[in-house]
Protein chains: 2
Amino acid sequence: MTDFTILGFLAYGPKSGYDIKRLMAMSTAHFYQASYGSIYPALGRMEKEGLVAAGRADGSRRLRRVYEILPAGRAALAQWLGSPLDIAKGPAFLLARLFFLGCLAPGEASEAIQGFKDAAGKRRAWLEGATEGLPQQPDFFQASTQRFGLEYYAFLESWLDRLGKDAAGRRKRSSAKAKPKEGS
Amino acid sequence: MTDFTILGFLAYGPKSGYDIKRLMAMSTAHFYQASYGSIYPALGRMEKEGLVAAGRADGSRRLRRVYEILPAGRAALAQWLGSPLDIAKGPAFLLARLFFLGCLAPGEASEAIQGFKDAAGKRRAWLEGATEGLPQQPDFFQASTQRFGLEYYAFLESWLDRLGKDAAGRRKRSSAKAKPKEGS
DNA sequence: TTATTCATGTAATTTGTTACATGATTCT
DNA sequence: AGAATCATGTAACAAATTACATGAATAA
């Protein structure tokens, strides 16, 4: 997740490793935060891979290695954002995608949300089937964890459904603003 | 999490590493599953630490190293179940505790649930505060991840509240069965 | 007899955290 | 002058995964 989160931040403008750490602490801390021990090596690796480019900061300042994202980096980010999500890995992985969905075209973002919703739905269906596979009757708390799964994925599905609709609504409104509206 | 999950399964009876893997696939797969590369080394380590003891399986069978939990292992398990939970690590860590809460006395289990609920509440309050610390106005999707956090922790809190009440109700009913009820 | 399942284990690799090392710049 | 913050990086350690190696017992 580290690499893509870094690319996501760089997609909004050039930043140093230090900047990225500070931004994470401010805005993504509730689902993900990387240490310098992850960030700096990741930046170095991605530079070698041609995803980002390092430049020095403007003139008089102290050592500040400012990275900017390259086209290959944008492509990798977009590919990640659109790739199938393993919803079972927990909400952090979902939120990391969601947070940077603004980097995609509105249509692609909506498709991605739909994909996340489908993933939650599939997982819930799987859990429903898995519950029957249990050999002995589970105790109260074991049954509860099973029920939690079902209710959690239902929550996710309805939340993502609403998000998809809100995003579509936003899209409609902004295109209506762009072109003067017809009718009414 | 591996060690405690293994201890949790052993608390219900002696098992081999292979048994534990199979049980995980059947009953905890939706939130946690360990590989042999985690399970066997963990069993070996915990044997050295005096938490579990290995015996051979009864008589004629092939090589089967069956482990049983020792009092020190039960103590470690109970301590883990009652220790403060970092709710931000995701639902898997909550569910791992919940799944084995039947290993505690009913009163202790209720206390643990209350602790989990408090953790979710604190986290939600922290998130509410953190939202205001944001410097620039976030874009639509960035604001959405923030909102998700708030709604997710609210969901967790109310779910755990209901679980606590159900568990308490169960406790009352079973003690009422034990002693014939007084009044009415 | 051959494939599958039972059964245990190790080695290489991955991924990340924590702590340390270093030093410039700005604030008090 | 001294403390705090800016800024980058490395080394030691931790925890797990994947893939490999091995072989007995059972079902086809």
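Reminder, nothing fancy here: chain letters follow the sequence lines and each chain counts from 1.
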Give the rounded distance in Å between these two atoms: [atom1] of [X] and [atom2] of [N].
X       : N      : atom1 : atom2 : value
B/Asp3  : D/dA15 : CG    : P     : 9 Å
B/Arg45 : D/dA14 : CZ    : C1'   : 10 Å
A/Tyr40 : C/dA19 : OH    : C1'   : 16 Å
B/Ile20 : C/dT8  : CD1   : C1'   : 13 Å

Do any side-chain nitrogens or oxygens of [X] fall under 4.0 Å of OP1 or OP2 in [N]?
X       : N      : value
A/Arg64 : C/dT25 : no
B/Tyr36 : C/dT8  : no
A/Tyr18 : D/dC6  : yes
A/Thr2  : C/dT15 : no
A/Ser38 : C/dT17 : yes

Handout entry: A/Gln142 backbone acceptor or donor facing A/Thr145 side chain under 3.5 Å
Key =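 Yes; judged by distance alone, with no hydrogens or angles, the pair exists.
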Handout entry: Test: B/Glu151 and A/Arg162 ion pair at under 4.0 Å
Key =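 Here B/Glu151 pairs with A/Arg162 in a salt bridge, since their nearest N and O are under 4.0 Å apart.
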Problem - Carboxylate-amine/guanidinium contact B/Lys122 B/Asp118, below 4.0 Å - result: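 Looking at B/Asp118 together with B/Lys122, the answer is no, because their closest N to O distance does not fall below 4.0 Å.
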Exercise for the section: Check each of A/Lys21, A/Lys15, A/Arg22 against A/Asp19 using the side-chain hydrogen bond (donor to acceptor under 3.5 Å, both in side chains) test, and report the only one that passes. Expected result: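 It is A/Arg22, the one option of A/Lys21, A/Lys15, A/Arg22 that forms the side-chain hydrogen bond (donor to acceptor under 3.5 Å, both in side chains) with A/Asp19.
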Practice task
Hey, which sits more toward the 5' end of DNA chain C by its nearest nucleotide, B/Arg22 or B/Pro41?
Solution key: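 Result of the comparison: B/Arg22.
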Practice task
Could you check whether A/Gly37 gets within reach of a base, just the sugar-phosphate, or nothing at all, counting any heavy atom under 4.0 Å?
Solution key: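 Touches a base.
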